[in-house]
Number of protein chains: 2
Amino acid sequence: MKTEEKIVSKALEMYNEKGIEYVGMRELAATLNIRVSNITYYFPTKDHLVNRLSLDLNQLNSQIVIDNENITIESFLLNFKKIFQNHIKYRCLLLSFVHLMEQNKMISVRYKQTEHDRSTTLRSNLKTLVKAGYLNIEDEKNIEILVSAIALIARFWISEAAVSLRHLKQDGQIRHYITLIGCILSPYLTLKGRGQLEKVLNGL
Amino acid sequence: MKTEEKIVSKALEMYNEKGIEYVGMRELAATLNIRVSNITYYFPTKDHLVNRLSLDLNQLNSQIVIDNENITIESFLLNFKKIFQNHIKYRCLLLSFVHLMEQNKMISVRYKQTEHDRSTTLRSNLKTLVKAGYLNIEDEKNIEILVSAIALIARFWISEAAVSLRHLKQDGQIRHYITLIGCILSPYLTLKGRGQLEKVLNGL
DNA sequence: ACATAAATTTGGACAATGTCCAAATAAAAT
DNA sequence: ATTTTATTTGGACATTGTCCAAATTTATGT
């Protein structure tokens, strides 16, 4: 493995383990048995290194495609499961989310676009679910509320889990928050939708 | 004002402005025109100082009492409004929440108790609202889901607002998340409850 | 009023952090 | 083989939180 890739993968490993802010450049370098300025050669600042991890996560998430036309409650929720699994792989980023937004210009600038895309997709998914007879939402406003609530869960579930659900394993944590999203949708589900929800929750 | 109080109030002001991690002891001392080791005399470590702010917030929140017996949808939501206003006063703490839980032993130990109390209160509030005919929730499981969802919103609303709702003023942000809580309750509201919700949301 | 004790304030040191740069080494190209 | 490019290195810098002995101020007892 080339030096750059060794740095990236070990950084992710150690950041996930101890938190980005608690792993110094010297500690990372020592673990890799290289010198700090060797890291600097590939990543001029720590922000550049963290930004690289963020790009990797984005790339991973972009591989998760959802067919909006043929969406179902099942595929909608299983999609979130995949995203949550990626979140776990890069949990160091999500646990320092607010920090990074304040401090890392590269990440915060890019995130604005990502965030907009996400809520657009989410909104259109929900509307398709309504059209396809899985959801029954008359008021457009309720769609916006659902978008807002689900976006908040998707962004902070892992932070909450790290603080409050540490007794659960990662699978259990994901199950909990997928269930939460399902139950928030629950009041609006049609019979067809409700059946799928049961199925998904049992299959988690 | 005594030195200790000057330190606490200026620290809160600067931490809220720039973020706890971005205000150094030297900068704080310089602003107060005292020396760093003078701060150290009252607060041996920065963690001690931050913990003091956390205690102050706890104290402020504990002044918000809710009469569980005579609770209504209105008092329930207005209660959250008060808590959210306190959150804004001490927003530096909530914006560094995950960080503090990992790093500051004093805060994290105390928080476990607070968290438990909060969800207990929340659960009993919802049950009372059911008994009083504001909510219609047959399945006990749905109460747990609501507790979980509302707790997550209450803990991270200000982080989300800092990233995504910066175009809104503080009042608007609070209104947004109170509305969100209201709308999550909405599917379970009785007619009586629904009327109160409208009233509260209009009056925000 | 004076001497003693306690509380407060100070300056300077420490190790650890991220960043930076000139020089040394290794690899590739001509 | 020589030049050019890519990679790696050691040492410096300013900044951070923390610490401590000494100096100063304030309070207390006689």
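By convention in this document, chain letters (A, B, ...) are assigned in the order of the sequence lines, proteins followed by strands, and residues within each chain are numbered from 1. The figures here come from the full heavy-atom set of this structure, side chains too, leaving out hydrogens, waters and symmetry mates. What you see is a predicted model; the values in this text were computed from it and never measured.
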Discussion item. By the side-chain hydrogen bond (donor to acceptor under 3.5 Å, both in side chains) test, which pairs, at least two apart or in different chains, include something from residues 29-42 of chain B?
Written reply: none

Worksheet entry | Check: T45(B) side chain, H48(B) main-chain N or O, donor-acceptor pair, under 3.5 Å | yes

Worksheet item: Starting at CG of N38(B) and ending at C1' of dG17(D), how long is that distance when rounded to a whole Å?
Response: 16 Å

Discussion item. Tell me the interatomic distance from H48(B), atom NE2, to dT18(D), atom P, rounded to whole angstroms.
Written reply: 9 Å

Worksheet item: When you measure from every atom of DNA chain D, which of residues 39-47 of chain B have a heavy atom less than 4.0 Å away?
Response: T45(B), K46(B)

Item to complete: Taking atom types as modelled, find out whether N70(A) and D67(A) have a side-chain donor-acceptor pair closer than 3.5 angstrom.
Response: yes

Discussion item. Assuming nearest nucleotide by heavy-atom distance, tell me which of R35(B) and G24(A) is located more 5' along DNA chain C.
Written reply: R35(B)

Worksheet item: Along DNA chain C, 5' to 3', what are the outermost nucleotides having an atom less than 4.0 Å from a heavy atom of chain A?
Response: dT17(C) to dC21(C)

Discussion item. For the residue pair E69(A) / T128(A), report whether a side-chain donor-acceptor contact shorter than 3.5 Å exists.
Written reply: no

Item to complete: Take the protein atom CG of L49(B) and the nucleotide atom C1' of dT18(D), then report the distance between them rounded to whole Å.
Response: 14 Å

Item to complete: Evaluate the criterion side chain to side chain contact (heavy atoms under 4.5 Å, CB included) for residue pair E13(A) and K10(A); output intermediate values, then yes/no.
Response: CA-CA 5 Å; E13(A) 181 186 329; K10(A) 184 59 80 178; 3.5 Å; yes

Discussion item. side-chain hydrogen bond (donor to acceptor under 3.5 Å, both in side chains) for N202(B) and E198(B)? Distances and angles first, verdict last.
Written reply: CA-CA 6 Å; N202(B) 290 331; E198(B) 297 293 333; 4.7 Å; no

Worksheet item: What is the distance from atom OG1 of T3(A) to atom CD1 of I34(A), rounded to the nearest 0.5 Å?
Response: 6.5 Å

Worksheet entry | Plane angle bin for F97(B) and F156(B) - parallel if under 30°, tilted between 30 and 60°, otherwise perpendicular | perpendicular

Worksheet item: Expressed in angstrom and rounded to an integer, what is the separation of M25(A) atom CE from dA14(D) atom C1'?
Response: 17 Å

Fill in: L185(A) side chain reached by L126(A) side chain, heavy atoms, under 4.5 Å
yes

Worksheet, complete the sentence: Across all chains, not counting sequence neighbours, the side chain to side chain contact (heavy atoms under 4.5 Å, CB included) partners of E115(A) are Y111(A), R155(A), S164(B)

Anything under 3.5 Å between a donor and an acceptor, one on a side chain of residues 83-95 of chain B, the other on a protein residue two or more places apart or in another chain? List them.
residue	atom	partner	partner atom	Å
N86(B)	ND2	N61(B)	OD1	2.9
H87(B)	ND1	W157(B)	NE1	3.0
R91(B)	NH1	I88(B)	O	2.9

Item to complete: Specify the separation, in whole Å, of atom CZ of R26(A) and atom C1' of dT15(D).
Response: 12 Å

Item to complete: Round to a whole Å and report the spacing from CD of E27(B) to C1' of dA14(D).
Response: 15 Å

Fill in: d(CD, E21(A); C1', dT15(D)) in whole Å
17 Å

Could you go over nucleotides 24-28 of chain D and give all protein N or O partners under 3.5 Å, atom names and distances?
none

